[in-house]
Q: 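Dropping the structure in here first, questions after.
Side-chain atoms are counted along with the backbone in the values below, which use heavy atoms only and exclude waters and symmetry mates. Just so you know, these numbers come straight off a predicted model, no measurement behind them.
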Amino acid sequence: MIELEKDYDPRKVEDKWLARWLENRAYHSDAGSGGKPYTIVIPPPNVTGILHMGHALNNTIQDILVRRRRMQGFNTVWLPGTDHAGIATQNVVERSLATEKKTRNDLGREAFIGRVWEWKEQYGGTIINQLKKLGASCDWERERFTMDPGLSDAVTEAFVHLYGKGLIYRGSRIINWCPRCQTALSDEESEHRDSAGKLYHIRYPVKGGATGEYVVVATTRPETMLGDTAVAVSPDDPRYKDLVGKTLILPILNREIQVVADSFVDPAFGTGAVKVTPAHDPNDFEMASRHGLKHINILTPDAKMNAEAGPYAGLDRFACRKQLVADLEAAGLLEKIADHNHAVGHCYRCNTVVEPRLSPQWFVKMKPLAAPAIEAVKQEKIVFVPDRWTKVYLDWMENIRDWCISRQIWWGHRIPVFYCSACNHEWAAKGAPSRCPKCGDAGIRQDEDVLDTWFSSWLWPFSTFGWPEKSKDLSFYYPTDDLVTASEIIFFWVARMIMAGYEFMGDLPFRRVYIHGTVRDDKGRKMSKSLGNSIDPLAIINEFSADALRFSLTMLTATGQDVYVSNEKFTLGRNFGTKLWNAARYLQMQTKDSPAMVSAGIPSAEGLAVLLRDGIALSPDDQHILYLLRDAIAACDDNLDKCRFNDAAHVLYEFVWHQFCDWYVEYSKSVLYEAQQDRREHVLRVMHFVFSNVLRLLHPFMPFMTEELWLAMGYGVEGGTISAAPWPTLPDNATLAGYGVNKATVAYVDDKYDLIRVGRALRSDYTIQPSRKIAYIVKPVSPQCADALRADMESVLQLLRAEKVDIVPEFQPAKAMPSGVNKLGTIFMPLDGLIDVQAETARLTRQREKVEAELAKVDAKLANQAFMSKAPKDVVAQLQQRRSEVLEQVGKYDRQIQALV
RNA sequence: GGGCGGUUAGCUCAAUUGGCAGAGCGCCAGCUUUACACGCUGGAUGUUACAGGUUCAAGUCCUGUACCGCCCACCA
């Protein structure tokens with residue numbers, strides 16, 4: 001044993017263990033080196049990221065899963081890494097360039113990418129180090145980065161494969177364009193946000209019509225009219241029947257445009273006439289292809305008006321909107337401006353309003369990839385926890401649209417497509433070809449675009465294990481077991497990984513997806529930098545400890561529900577840690593003279609048998625705590641199996657604090673302080689046995705403190721680790737009985753504790769100083785109870801803090817005496833004339849009223865014939881049992897009140 | 001517009017399959033009880049959002065309403 005300091009110093013202990021774990025390669029796994037595999041791949045945080053509460057929760061959950069499996073003997077690997085986060089990282093580096101008054105164009109592509117790598121080398125390890133501080137038991141030797149050579153190779157392989165199958169194509173489509181990042185975004189990367197906009201009603205004069213003959217169109221983006229090539233109306237709209245086919249004059253530009261009929265148009269919305277801007281609206285684009293309309297792009301990449309915008313060329317889109325509206329108004333062509341709330345797309349990286357824009361981009365055909373991924377989930381080969389996400393996933397998958405994978409940025413995997421300038425041949429290839437495979441010309445160039453970051457992430461579960469090589473790791477660790485992530489990322493990542501798994505590996509990427517809630521502030525708002533309401537997990541680690549952070553988060557997060565946190569909430573985990581620490585200290589102090597007793601805490605095949613070495617029978621309290629320990633292990637396992645992490649933590653919290661500390665340790669004091677040596681040692685054994693189990697059960701939740709205590713208590717050896725200790729299992733009921741744990745005794749102890757509570761309440765009601773030892777009298781309900789209590793008197797005295805407790809079966813108090821009723825009997829507190837008759841009458845009357853109310857309730861139920869005939873027997877029996885108890889108590893109170901007057 | 005989640009003690013949340021509504025924090029009273037005041041003992045606190053329904057029995061199942069939140073969506 002290593003003596004524990006009075007105060008736990010988490011900074012010292014956590015730093016120490018962190019260093020040792022890394023040094024000892026404590027969490028390294030080798031393929032095939034014993035044990036069935038258990039695999040988790042981390043959702044790779046952005047390399048630009050810093051640890052926030054969402055990460056803390058996400059990784060704590062993964063660590064709980066992984067640490068438990070490791071202790072259960074699985075060959076466990078938790079693979080860490082980071083994501084190159086194309087746009088986000090490029091933005092970060094561009095910002096730092098901006099401080100030097102430079103742009104990426106000043107550097108050129110190659111030099112800029114060099115800068116990004118420099119940045120990555122310098123700051124990219126931040127979040128990994130923060131994960132280590134959290135206690136994440138990743139196999140750090142396996143850390144991967146989505147841009148490292150192996151993964152880049154996987155990306156090219158995947159691209160070439162899909163290209164070869166015709167599942168990747170290039171086409172001009174309306175895509176979401178971020179004018180600030182100057183790149184296309186996928187549909188998922190454009191976040192729709194409700195905003196209070198305007199609906200502008202604009203008059204388009206009819207060519208050759210009378211003065212004042214207009215078609216009025218409604219639009220939220222008036223500046224796009226500069227790109228209009230038609231106006232569409234519903235074919236069934238009587239108002240416009242005669243207009244179809246006619247020509248309108250586009251105001252300002254005086255472009256002649258046709259009126260076309262298209263069933264897309266909803267006659268009930270706006271004016272029933274829609275301006276058609278094929279180059280800046282996906283629906284209009286569709287309409288244009290149906291009617292053979294021209295596309296006129298009016299925007300530059302940074303969302304300024306281009307030459308097509310005539311007088312507005314050069315203006316920013318919003319400035320143009322303002323000017324155009326003013327000009328229309330001056331020309332009498334603005335009918336009205338109505339308020340209109342609608343959702344506007346924003347760039348998920350920089351929050352700029354995205355602009356739908358016609359642009360040549362690369363796409364992946366998703367429908368064929370989706371089919372097996374839908375099947376897998378429908379057949380429950382892959383399950384979502386909580387189950388409701390299954391529907392969200394399936395809805396999205398069944399309506400999946402092609403994925404825009406090209407980005408006009410520099411940081412990322414360059415699209416491996418090459419063009420021959422001699423023969424215009426286009427092909428995809430791995431490596432760096434030097435000649436056109438078709439004509440042999442050396443004049444070739446590679447596509448300028450890079451791939452969407454998620455194009456590398458979707459390969460993560462197998463690219464990290466060496467794919468496309470058929471590595472030993474890959475065959476051993478794949479498919480992975482659990483994926484733990486947040487709901488935001490189901491479409492971005494989870495769904496795509498499932499598709500990639502089937503497409504490239506021919507097998508599912510993971511068996512279970514646990515979706516946890518979002519961490520919010522105490523007002524329910526998402527934590528964000530701009531709101532300034534973030535709680536920094538590292539600040540919590542510094543103020544409390546990593547264990548406290550983890551345990552608190554786990555306790556507070558109901559399965560799949562959002563969690564609201566504030567600084568004070570982390571005292572929960574801190575206080576629990578302190579409790580555990582002090583329990584350990586107490587145990588150590590008591591064990592000083594009997595060091596051998598520690599052996600009961602050392603996991604061994606003997607298990608409980610070690611307790612019985614001296615042939616001493618287990619006391620009722622011993623039996624009780626062992627029984628509850630068994631229950632706690634069972635409940636903890638069950639909850640962890642079901643991803644009910646908060647319930648699992650709660651079971652342990654309750655067991656450790658209230659069962660072990662408040663009752664068992666308190667009981668043990670009488671034995672430890674007063675009993676003879678062999679009984680002392682016996683109790684110490686039970687305590688070490690239980691405590692050792694507790695430490696192991698808690699290890700996944702609070703790895704640092706449990707590791708420290710494991711060594712300090714002497715359950716482990718110097719240089720060892722609790723993660724190598726076996727996960728607790730306890731014998732079933734029958735075996736437990738074989739060790740002398742008797743279920744009836746356990747039930748008796750529950751009743752005994754209840755009796756003690758009644759006795760304590762008496763003392764409290766009469767404000768008797770705790771230091772004053774009371775002599776109680778118990779009138780037992782039966783001779784068996786009397787025997788049990790007599791045999792168990794040491795425990796009763798200790799827990800009741802009583803001087804003595806007389807068991808008097810025939811006790812009839814001669815005078816009024818405070819008392820309380822319990823299953824085992826009535827407990828009296830003789831006070832030697834101190835009783836205040838009035839106060840006591842009031843107290844008893846109050847208590848009687850309570851019991852009587854319950855009696856009335858129970859009686860009403862029992863009188864209900866329908867209930868009696870239809871309710872199951874055990875429910876009725878339970879109620880009848882309760883009735884007799886309550887009835888008896890009412891009678892007791894009556895008699896006591898009687899005695900007072 | 002479609003979908004999902006939530007509404008339970010002062011606060012934050014639990015409550016597997018319908019079967020005596022719980023915990024933490026806070027609150028009240030008492031405590032230098034020799035591990036722990038980050039503690040111990042005792043205590044108070046509920047029209048389970050609302051309105052109906054099913055059932056012997058509803059926080060739990062069904063129908064509807066209100067409010068809060070999230071996700072998806074091509075009504076310009």
Side-chain angles (χ1 to χ4, degrees), chain A residues 4 6-8 174 187 192 199 217-221 224 232 264-266 268-277 281-286 340 342-343 356 386 388-389 391-392 395-396 399 487-488 490-491 517-518 520 522 524-526 544 548 552 555-558 560-566 568-569 571-572 574-590 638-639 642 644 646-647 650 653-654 661-662 665-666 669 673 757 760-765 767-771 801 854 857-858 861 864-872 874-876 878-879 882 886:
Chain A
L4 297 168
K6 184 167 190 319
D7 293 311
Y8 178 56
I174 302 284
D187 294 333
H192 286 85
L199 196 55
V217 300
T219 179
T220 53
R221 293 181 295 152
T224 61
F264 161 76
V265 180
D266 172 8
F269 186 85
T271 63
V274 185
K275 58 190 276 305
V276 181
T277 320
D281 183 281
N283 296 310
D284 295 4
F285 179 82
E286 295 295 323
H340 181 65
H342 63 139
R388 67 186 129 95
W389 297 107
K391 194 172 163 339
V392 174
D395 282 350
W396 188 77
N399 297 298
S487 61
E488 294 106 80
I490 292 177
F491 307 139
T518 308
R520 298 172 180 282
D522 53 357
R525 299 172 305 183
K526 233 177 192 171
F544 302 110
S552 306
M555 279 281 275
L556 292 169
T557 308
Q561 294 295 345
D562 289 353
V563 54
Y564 294 11
V565 299
S566 59
E568 311 81 66
K569 290 201 173 168
T571 57
L572 167 69
R574 189 265 321 256
N575 293 356
F576 181 62
T578 306
K579 189 73 183 178
L580 187 70
W581 185 259
N582 281 307
R585 278 206 312 132
Y586 174 77
L587 191 42
Q588 276 201 343
M589 285 178 215
Q590 298 309 318
D638 185 49
N639 283 316
K642 293 176 178 158
R644 301 174 69 102
N646 60 326
D647 291 332
H650 197 264
Y653 181 93
E654 171 70 23
C661 291
D662 288 352
V665 172
E666 287 309 312
K669 286 176 179 173
Y673 295 152
R757 269 189 218 103
R760 286 170 176 175
L762 285 176
R763 186 195 270 273
S764 182
D765 283 347
T767 40
I768 309 294
Q769 298 291 309
S771 48
R801 296 191 167 281
E854 197 186 340
K857 231 168 105 184
V858 172
K861 247 188 160 173
N864 184 334
Q865 284 194 353
F867 170 77
M868 293 305 283
S869 61
K870 293 197 178 178
D874 57 324
V875 172
V876 175
Q878 216 179 323
L879 208 63
R882 183 70 196 146
V886 173

Q: Which comes earlier along RNA chain B counting from the 5' end, the contact point of Arg574(A) or that of Ala866(A), where each point is its nearest nucleotide?
A: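 Its nearest nucleotide lies further toward 5', so the answer is Arg574(A).
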Q: Provide the distance between the two P atoms, one in U7(B) and one in G59(B), to the nearest whole Å.
A: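 So the two P atoms sit 14 Å from each other.
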Q: For the side chain of Asn575(A), starting at C-beta, report the closest nucleotide among G19(B), A76(B), C38(B).
A: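 Nearest listed nucleotide: C38(B).
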Q: Which listed nucleotide (A35(B), G42(B), C74(B)) is nearest to the side chain of Arg760(A)?
A: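 The answer is G42(B).
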Q: Taking the six-membered ring for Trp, are Trp581(A) and Tyr8(A) parallel (under 30°), tilted (30 to 60°) or perpendicular (over 60°)?
A: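 Judged by the thresholds at 30° and 60°, the geometry between Trp581(A) and Tyr8(A) is tilted.
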Q: Per the atom types in the model, does the base of C4(B) pair as donor or acceptor with the side chain of Arg388(A) at under 3.5 Å?
A: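 Check fails, no donor-acceptor contact within cut-off.
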Q: Between P on C72(B) and CD on Glu488(A), what's the gap in Å once rounded to a whole number?
A: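 Roughly 10 Å, once rounded to whole Å.
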Q: Starting at CZ of Arg585(A) and ending at C1' of G39(B), how long is that distance when rounded to a whole Å?
A: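 Rounded to whole Å, this separation is 12 Å.
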Q: To the nearest Å, give me how far apart CH2 (Trp389(A)) and P (C70(B)) are.
A: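 In whole Å, C70(B) P and Trp389(A) CH2 are 13 Å from each other.
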Q: Grab the CD-C1' distance between Glu654(A) and G22(B) for me, whole Å please.
A: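 Checked: the CD to C1' distance equals 11 Å.
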Q: In whole angstrom, what separates Trp581(A)'s CH2 from A35(B)'s P?
A: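 The distance from CH2 of Trp581(A) to P of A35(B) comes to 17 Å, rounded to the nearest Å.
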Q: Does this structure show an ion pair linking Asp647(A) with Lys642(A), if we count only N-O contacts that are shorter than 4.0 Å?
A: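 Judged by the 4.0 Å cut-off on N to carboxylate O distance, Asp647(A) and Lys642(A) do not form a salt bridge.
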Q: For A15(B) versus G24(B), give the span between their C1' atoms, rounded off to a whole number of Å.
A: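 After rounding to an integer number of Å, I get 15 Å for this pair.
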Q: Given that Phe576(A) and Val274(A) both sit by RNA chain B, which one's nearest nucleotide is further toward the 5' end?
A: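 Nearest-nucleotide comparison on RNA chain B picks Phe576(A).
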Q: Which whole-number value in Å describes the distance from Trp396(A) CH2 to C71(B) P?
A: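 Rounding to the nearest Å, CH2 of Trp396(A) and P of C71(B) are 16 Å apart.
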Q: Among the candidates U33(B), A35(B), C56(B), find the nucleotide nearest to the side-chain atoms of Arg801(A).
A: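 Nucleotide nearest to Arg801(A)'s side chain: U33(B).
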Q: Are the side chain of Ser764(A) and the backbone of Arg760(A) linked by a donor-acceptor contact shorter than 3.5 Å?
A: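 No: the side chain of Ser764(A) does not pair with the backbone of Arg760(A).
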Q: What is the distance, rounded to the nearest whole Å, between atom NE2 of His192(A) and atom P of C70(B)?
A: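 After rounding, the reported distance stands at 16 Å.
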Q: What does Ser764(A) touch in the nucleic acid at a heavy-atom separation under 4.0 angstrom: a base, only the sugar-phosphate, or nothing?
A: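 Here Ser764(A) touches the backbone only, sparing every base.
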Q: Answer with base, sugar-phosphate or nothing: what part of the nucleic acid does Gln865(A) contact at a heavy-atom distance below 4.0 Å?
A: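 Gln865(A): no heavy atom of the nucleic acid under 4.0 Å.
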Q: Between A73(B), C56(B), A35(B), which one does the side chain of Ala343(A) approach most closely?
A: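 For Ala343(A), the side-chain atoms sit closest to A73(B).
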Q: Counting side-chain heavy atoms from CB outward, which of A35(B), U41(B), A14(B) is closest to Asp662(A)?
A: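 So the side chain of Asp662(A) is nearest to U41(B).
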Q: Cation-pi check for Tyr653(A) against Lys579(A): NZ or CZ below 6.0 Å from the six-membered ring centre and within 45 degrees of the axis, yes or no?
A: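 Geometry flag: not set, cation outside 6.0 Å or 45°.
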Q: Nearest to the side chain of Ala761(A), which nucleotide is it out of A73(B), G42(B), A76(B)?
A: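 So the nucleotide nearest the side chain must be G42(B).
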Q: Does any nucleotide pair with C20(B) by Watson-Crick or G-U wobble geometry, both distances under 3.5 Å, and what is it?
A: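 By the stated definition (distances under 3.5 Å), nothing pairs with C20(B).
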Q: Using atom CZ of Arg763(A) as one end and atom P of U33(B) as the other, report the distance to the nearest whole Å.
A: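 Taking atom P of U33(B) as the reference, CZ of Arg763(A) is at 12 Å.
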